[in-house]
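Working notes, structure below.
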Amino acid sequence: MDTSPRRVEHQQTDKGYVPVYTTAVVEQPWDGYSADDHATWSTLYRRQRELLVGRACREFLDAQDEMGMSEHMIPRFDQLNEVLGAATGWTLVGVEGLLPELDFFEHLANRRFPVTWWIRRPDQIDYIAEPDLFHDLFGHVPLLMNPVFADYMAAYGRGGVKAHAIGPEALQNLTRLYWYTVEFGLIDTAEGLRIYGAGIVSSKGESLYSLESGAPNRIGFDLERIMRTRYRIDTFQKTYFVIDSFEQLMAATEPDFTPLYARLAEQAHFPAGDVQDGDRVFQRGSGEGWADGGDV
Ligand code: PHE
Ligand code: FE
């Protein structure tokens with residue numbers, strides 16, 4: 001029996017079939033998780049941890065342990081919040097699913113991270129289109145324990161509120177930054193390239209592909225370059241951007257983006273898979289298996 005309800009409903013509108021956003025913050029209904037829900041967490045947790053040792057950055061793996069996340073059961077937000085609050089002042093809040101952009105930014109600006117409370121069904125272990133508990137909690141939350149990354153996420157929230165007021169193009173530039181760092185970022189370490197992006201660490205296939213495949217480009221982090229680059233939402237990324245450190249990310253995003261947005265509005269966007277002059281290329285991808293079209 002499927003006891004885990006799906007929270008993001010869809011409805012037919014003049015814009016097509018769109019998700020109905022629910023903005024409310026909800027208490028995590030922990031006692032309501034079924035044995036299947038806990039088993040789904042266990043399966044995914046065990047599988048990803050095994051894969052991510054030597055692939056995810058040390059900060060990510062250490063933080064999961066420090067927070068007391070384990071394969072045994074779905075973590076309780078209130079327990080995680082004690083550790084997280086003491087470390088960096090962040091709080092997890094339960095939500096039903098994706099939030100409208102401005103709500104999301106305001107949560108981040110106030111150091112609240114919205115976590116989808118429900119977990120995917122057993123038949124969705126390998127792929128689910130929308131964020132669920134496993135993506136949000138396993139993927140995003142651990143790095144909030146890192147003081148520099150924690151500050152970056154809050155600054156991003158404030159930047160989001162600002163970009164939202166400026167207009168849709170500014171928002172698109174900022175969203176690309178989130179996509180290519182928070183969701184799909186790689187980091188260069190003394191031991192080699194490692195993953196820190198939540199969209200990668202919560203995916204078995206992309207954890208391997210992002211680091212080991214010859215197909216994608218791996219290119220050094222460059223703020224303007226990223227803000228001009230389209231991305232993929234339905235396939236693995238064609239390009240991953242590599243930071244040297246979280247400090248680099250913080251320093252590069254410190255300046256006021258307002259003049260940057262104005263400048264970028266005059267410039268062409270880059271396809272997801274193209275290498276540009278001036279790129280610091282870690283790997284020029286072969287492009288093998290890439291879908292044509294479909295860049296967002
Ligand atoms: N400095 C950015 C601005 O002025 C805000 C920001 C910080 C955005 C960190 C992303 C990450 O808009
Ligand atoms: Fe995410």
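Scope of the values below: all heavy atoms of this structure, side chains included, with no hydrogens, waters or symmetry mates. In each ligand, atom 1 is the first atom listed, and ligand 1 is the first ligand listed.
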Under 3.5 Å: N or O atoms of ligand 1 paired with protein N or O:
residue: ligand 1; atom: 1 (N); partner: Thr253; partner atom: O; Å: 2.6
residue: ligand 1; atom: 1 (N); partner: Pro255; partner atom: O; Å: 2.7
residue: ligand 1; atom: 4 (O); partner: Lys162; partner atom: NZ; Å: 2.5
residue: ligand 1; atom: 4 (O); partner: Phe257; partner atom: N; Å: 3.0
residue: ligand 1; atom: 12 (O); partner: Lys162; partner atom: NZ; Å: 3.2

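- The main-chain N or O of Gln237 is found under 3.5 Å from a side-chain atom of Glu206 such that the two form a donor-acceptor pair.
- For the Fe ion (ligand 2), the set of nearby N, O or S atoms under 2.8 Å includes none belonging to Asp136.
- Salt-bridge formation is not detected for the pair Lys238/Asp274: no Lys NZ or Arg NE/NH1/NH2 atom is positioned less than 4.0 Å from an Asp or Glu carboxylate oxygen.
- Across Phe149, Phe138, Tyr196, Phe246, a single residue satisfies ring pair (Phe, Tyr, Trp, His ring centres under 6.0 Å) together with Phe60, and that is Phe138.
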Donor-acceptor pairs under 3.5 angstrom involving side-chain atoms of residues 79-90: please list them, not counting sequence neighbours.
residue: Asn81; atom: OD1; partner: Leu92; partner atom: N; Å: 2.7
residue: Asn81; atom: ND2; partner: Phe77; partner atom: O; Å: 3.3
residue: Asn81; atom: ND2; partner: Leu92; partner atom: O; Å: 3.2
residue: Thr88; atom: OG1; partner: Leu144; partner atom: O; Å: 2.7
residue: Trp90; atom: NE1; partner: Ala150; partner atom: O; Å: 3.2

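- The existence of a salt bridge linking Arg225 and Asp279 is confirmed by a sub-4.0 Å separation between a basic side-chain nitrogen and an acidic carboxylate oxygen.
- Looking at Glu183 and the Fe ion (ligand 2) together, the shortest N, O or S contact belongs to OE2.
- Salt-bridge formation is detected for the pair Asp244/Arg280: a Lys NZ or Arg NE/NH1/NH2 atom is positioned less than 4.0 Å from an Asp or Glu carboxylate oxygen.
- Of the candidates Gln28, Glu96, Glu27, Trp117 forms a side-chain hydrogen bond (donor to acceptor under 3.5 Å, both in side chains) with just one, namely Glu96.
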